[in-house]
Each structure stands twice: as structure tokens, then as C-alpha cells.
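When reading the values below, keep in mind they use all heavy atoms of this one structure, side chains included, and skip hydrogens, waters and symmetry mates.
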Amino acid sequence: VAGEKGFCVHDMQRLKWRIFGDVTQERALKVVSMVWSGASILVARSTAEGGELILFDVDRLDLLHALARVRVRALPTTMDARGDCVLVLDQAGVLSTYRIAPVGSRRSE
């Protein structure tokens, strides 16, 4: 569930809702889209400069412990994930592909 005042997620395996640890941080997030990627969740949020993609570990919903943050020029509107790849469509109609991988890992060709 996402909106102008943050987001929360339901973990179907644990049958628990996960909420943000810091209410002040959560209220600063104007979430426009989100998608699961393995045990992580990728959130697209609106900023004054355009948008930002933030990757969270579902067990640590906290801006200080975000796994990755990427600023984007146009606001993301739609996202989808398959495996370690994420597709992001923004308001300008640009489709971007991102790969989610641990630091230092390399994809074998």
C-alpha cells in the first residue's frame, strides 16, 4: 500500500504488515509506485527535482538503511520486476532498465 504519506507492505510468508520505523521519514515519502524484487522492495517517490528510486530490505523500512538510492529526472509512473531486473516507465515516456545486485557482484555473460 502506498500513497502521499509513505507506504507499508504485507509479508505473505510471515502474515505480517511491515511499516516504516520512523514516522517523520515516512511522511516525507510521496510514493508514486512500488514493486517487489526478491526480498527487497523498490519505491519510486516524487521529489522537487523529479523523482527518486529507493531500494529497501523489507525487514528494514528506514531511509538511513536504504540499500540503494537513485535520482531520476522524470517522475516514475510504472515499474515491474523480474528476477534481478526492474523496468521503470517515467512521465516522459522513457523506459529504463535497472539491475539489482549486491555490491561487487558481476553478471556472467
Side-chain angles (χ1 to χ4, degrees):
V1 178
E4 290 191 24
K5 300 291 184 189
F7 70 98
C8 65
V9 294
H10 188 261
D11 187 332
M12 295 295 286
Q13 292 178 340
R14 296 179 189 159
L15 299 175
K16 287 185 177 182
W17 283 95
R18 305 296 296 180
I19 60 173
F20 228 76
D22 183 327
V23 175
T24 306
Q25 289 181 10
E26 183 179 23
R27 288 186 180 152
L29 293 175
K30 184 176 181 182
V31 177
V32 295
S33 184
M34 60 189 223
V35 65
W36 284 97
S37 178
S40 303
I41 189 158
L42 184 66
V43 172
R45 77 171 185 143
S46 174
T47 66
E49 299 82 28
E52 182 179 32
L53 302 175
I54 308 174
L55 184 66
F56 293 100
D57 180 323
V58 73
D59 291 324
R60 279 203 103 155
L61 299 180
D62 183 322
L63 284 174
L64 299 175
H65 296 97
L67 299 174
R69 295 176 80 153
V70 177
R71 292 194 185 276
V72 292
R73 289 186 182 188
L75 186 63
T77 57
T78 306
M79 299 190 299
D80 194 16
R82 293 290 181 265
D84 64 354
C85 292
V86 178
L87 294 175
V88 178
L89 180 66
D90 65 29
Q91 283 183 331
V94 175
L95 182 64
S96 301
T97 304
Y98 296 90
R99 179 174 174 253
I100 297 175
V103 174
S105 70
R106 298 198 184 272
R107 174 179 274 172
S108 57
E109 300 295 328

Write down the atom of V32, the atom of P76, and the distance for their closest heavy-atom approach. CG2-O, 3.2 Å
Do F56 and D62 have side chains that get closer than 4.5 Å, going by heavy atoms? no
I would like to know whether L29 and I54 meet side chain to side chain contact (heavy atoms under 4.5 Å, CB included); could you show each step before the answer? CA-CA 10 Å; L29 293 175; I54 308 174; 4.0 Å; yes
Is it true that Y98 and I100 fall in one hydrophobic cluster, defined by side-chain heavy atoms closer than 4.5 Å? yes
Spacing of D80 atom CG and L89 atom CG [to the nearest 0.5 Å]: 11.5 Å
Provide the closest heavy-atom pair for W36 versus G38 in the form atom of the first, atom of the second, distance. CE3-O, 3.9 Å
Given side chain to side chain contact (heavy atoms under 4.5 Å, CB included), test V88 with V72 step by step and report yes or no. CA-CA 10 Å; V88 178; V72 292; over 6 Å; no
With hydrophobic residues grouped by side-chain heavy-atom distances under 4.5 Å, do M34 and V86 end up in a single group? no
I need the full list of side chain to side chain donor-acceptor pair (under 3.5 Å) pairs touching residues 63-73, with sequence neighbours left out, sorted by first then second residue. E52-R69, R60-H65
Looking only at heavy atoms, the pair that brings A74 and Q91 closest together is CB-N, 4.4 Å
Given side chains that start at C-beta, do those of L55 and S40 come closer than 4.5 Å, heavy atoms only? yes
Determine, using the 4.5 Å side-chain heavy-atom cutoff (strictly less than), whether L42 and L67 are members of one ILVMFWY cluster. yes
Check whether V70 and V35 end up in the same hydrophobic cluster, where Ile, Leu, Val, Met, Phe, Trp and Tyr are linked by side-chain heavy atoms less than 4.5 Å apart. yes
On a heavy-atom basis, the closest approach of L75 and S46 is CD1-CA, 3.5 Å
Can you tell me how far OG of S33 sits from CZ of R45, rounded to the nearest 0.5 angstrom? 14.5 Å
